[in-house]
Amino acid sequence: MTARRTVDTAADSTPETAADTVETATDAPARVGYGELLRTPGAWTFLSPALVARLPYAMLSMGILLLVTQTHGSYGTAGTVTAVAAVSQALIGPQTGRLADRYGQAAVLVPTVLVHAASVALLIALALGHAPAWSLYLAAVPAGASVPQIGAMVRARWVAKFTAEGASPTAAAKVSTAFAFESVTDEFTFVIGPILAANIAAFVSPAASLVAEASLTLVGGLAFAAQRRTAPARIVPQPGARRASALASPGVRLLVGAFLGVGAVFGGMQVSVNAFADSVGHHDAGGTVYGIFAGGSMLAGVLYGVIAWRRPVQQRMVMSYTLLVLGCSVLWAMPNLIALTVAGLVCGLAIAPTLISGYTLVETLVADGAKTEAFTWLTGAIGLGLAVGSMAAGKLIDGHGPSVGFLVPVIGAGLGLLALVSMRHLLVAPGGPGRVVAGSGERGGAAQLVGAAKG
């Protein structure tokens, strides 16, 4: 039997002590590879349509930017419309996640993708008709708000699948590997989505790129919703009981703040890398440099999922976030594109471990009836941080040059790390201190409090 590392805490132990103090056993923790994960019965029935529905997630912003720039001749207007859609998605997405927890994923997903297709069609028509900018802003609200939260729903399905197997090191390791796999999938869509949108815009038209985005979302979303057997069960609240939001958990709020910092890294890097490449006469190289940054994150995510971790997940997140801040701190000083590419790769290597740890922790901090909402808050926080980071970096670049734009990633990540370190005791699962089981699966790091109730 696989041995586990445990910590016995006294009656007066604090949650922070329970999270940070670990006694090492001799045997290695459980480990589950990607092959075993993908052989899970029923997995491909929801993973395949989910990939189709998630691919356009990163196409929307690029498509809006290209279309509005073409039709209205203003980067400022295009950037604002894109930001409005991103902010709407970040604020409304968690509410659709909460509804999915209560009424079921299909009941929420079907009307959501229909509204999204209609909203994007309206935005295209207004842009092609050279409508006033304010009308584009209004149309961008439902277009962004109706982006389906497929990634959060897939994570909720993995959790439901493996939770049904009972609390064990193997089940916990499966959750760990599943979250790593999802992080790699997210990075893949963020790399491929903008490239796909840009190529469709170049070879057909910017409007066609948004038509493709809406079509993929609609087809993939409806196909995913049809896979009801793998969907998590609805949690029906007790009569008269008040249903608390996932944000009621201080730990969830802390993770949302930390993910805002990660989003600022994404947004600041996107704008600053392209501006720097343009300033040195290699405008087309910006996409390559950013792609290597994202590729580093994908590589780290793959490796993260196959390692049998011994340290608790709270410690791992602080460590990876610290590496992210250190990597971002040198970006502004890079003298050329080659040096910037290497520095960006180092930053990327810290991204996926940070995100995987955060998604793992948030799953342990909320009850079963709020998991989709909790995952969606983290995804929305990244989107919101990206929008704010993009705008802040753009203003700094306009006023002071491209290198100054790289201050946005380090400031955003630095603030996130400060909050994470100072309040990490909030990341212990509810139930109070006890014996913490820290296996390879992150659910073991702080979630499996022996004898403690979840949620």
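Predicted, not measured: the structure shown is a model, and the values here were computed from it.
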| query | Any side-chain hydrogen bond (donor to acceptor under 3.5 Å, both in side chains) pairs touching residues 252-262, not counting sequence neighbours? | reply | none
| said: Could you measure the distance from the CH2 atom of W377 to the CZ atom of R98? Nearest 0.5 Å is fine. | reply: 9.5 Å
| query | E36 versus K174: any side-chain heavy-atom pair under 4.5 Å? | reply | yes
| With distance as the sole criterion, is a donor-acceptor pair present between the side chains of S357 and Y321 under 3.5 Å? | no
| message | Test of understanding: with side chain to side chain donor-acceptor pair (under 3.5 Å), list the residues that count as partners of S272, not counting sequence neighbours. | response | none
| request: Heavy atoms only: give me the nearest A374-V366 pair and the separation to one decimal. | output: CB-CG2, 3.9 Å
| task | Test L365 against L255 for side chain to side chain contact (heavy atoms under 4.5 Å, CB included), laying out the working first. | result | CA-CA 10 Å; L365 297 172; L255 289 172; 4.0 Å; yes
| query | Do any pairs count as a side-chain hydrogen bond (donor to acceptor under 3.5 Å, both in side chains) and have a residue in residues 333-343, sequence neighbours left out, and if so which ones? | reply | none
| said: Just so I know, are the side chains of V346 and F293 near enough to count as touching, which here means a heavy-atom distance under 4.5 Å? | reply: no
| request: Taking side chain to side chain donor-acceptor pair (under 3.5 Å) as the test, write out the residues that go with Y359, two or more places apart. | output: T379
| request: Apply side chain to side chain contact (heavy atoms under 4.5 Å, CB included) to V262 and F266, showing your working. | output: CA-CA 7 Å; V262 176; F266 282 127; 3.8 Å; yes
| Hey, mind stepping through L51 and F224 against side chain to side chain contact (heavy atoms under 4.5 Å, CB included) and telling me if it holds? | CA-CA 9 Å; L51 180 60; F224 181 80; over 6 Å; no
| Donor-acceptor pair, R316 side chain versus R311 backbone, under 3.5 Å? | yes
Acceptor/donor pairs from residues 401-417 side chains to any protein atom, 3.5 angstrom cut, sequence neighbours excluded:
none

| task | Quick one: closest heavy-atom pair of A231 and Q105, and the distance? | result | CB-OE1, 4.4 Å
| request: Measure the CD-CG distance between E213 and L218 for me, rounded to the nearest 0.5 Å. | output: 10.5 Å
| field | Exam field: side chain Q149 to backbone G97, donor-acceptor pair closer than 3.5 Å | value | no
| message | Under a 4.0 Å threshold between the charged nitrogen and the carboxylate oxygen, would R54 count as salt-bridged to E182? | response | yes
| T112: what forms a side chain to side chain donor-acceptor pair (under 3.5 Å) with it, not counting sequence neighbours? | none
| message | Among residues at least two apart in sequence or on other chains, which ones pass side chain to side chain donor-acceptor pair (under 3.5 Å) with S146? | response | H116
| T189 side, atom OG1; I150 side, atom CD1 - distance, nearest 0.5 Å | 11.5 Å
| message | Just so I know, are the side chains of L324 and L349 near enough to count as touching, which here means a heavy-atom distance under 4.5 Å? | response | no
| Is the F375-F179 ring centre distance short of 6.0 angstrom? | yes
| said: Show the nearest heavy-atom pair for residues V184 and G301, with the distance to one decimal. | reply: CG2-C, 3.6 Å
| request: Give every residue pair that meets the side-chain hydrogen bond (donor to acceptor under 3.5 Å, both in side chains) criterion with at least one member in residues 83-96, sequence neighbours excluded. | output: Y57-Q89
| said: Are I92 and V147 packed together at the side-chain level, in the sense that at least one heavy-atom pair is separated by less than 4.5 angstrom? | reply: no
| query | Does A90 have any side chain to side chain contact (heavy atoms under 4.5 Å, CB included) partners at least two apart in sequence or in another chain, and if so, which? | reply | L384
| task | Give the minimum heavy-atom separation between M153 and A100, together with the two atoms involved. | result | CE-CB, 4.0 Å
| Point-to-point distance, once rounded to the nearest 0.5 Å, from CD1 of I351 to CE of M298 | 14.0 Å
| message | Minimum heavy-atom separation for A180 and Y34, please, with both atom names. | response | CB-OH, 3.6 Å
| Do any N or O atoms from the side chain of S249 and from the backbone of A246 form a donor-acceptor pair under 3.5 angstrom? | no
| Qualifying ring pair (Phe, Tyr, Trp, His ring centres under 6.0 Å) pairs, either residue in residues 81-105, two or more places apart | none
| field | Nearest-0.5 Å distance that lies between atom CZ in F188 and atom CG in L55 | value | 7.0 Å
| query | So, R424 side chain and V421 main chain: donor-acceptor pair closer than 3.5 Å or not? | reply | yes
| L355 side, atom CG; D186 side, atom CG - distance, nearest 0.5 Å | 8.0 Å
| By side chain to side chain contact (heavy atoms under 4.5 Å, CB included), which residues pair with T45, not counting sequence neighbours? | Q227, T230
Below 3.5 Å, can you tabulate the donor-acceptor pairs from side chains in residues 327-334 to any protein atom, sequence neighbours excluded?
residue, atom, partner, partner atom, Å
S329, OG, L326, O, 2.6
W332, NE1, S329, O, 2.9

| Do L47 and L38 pass the side chain to side chain contact (heavy atoms under 4.5 Å, CB included) test, and can you show the C-alpha distance, the side-chain angles, and the key distance before you say yes or no? | CA-CA 9 Å; L47 286 179; L38 297 178; 3.8 Å; yes
| said: Would you say that V154 contacts F46 through its side chain, given a criterion of any heavy-atom pair below 4.5 Å between the two side chains? | reply: yes
| note | Tightest non-hydrogen contact, residues T217 and P56, listed as OG1-CG, 3.1 Å
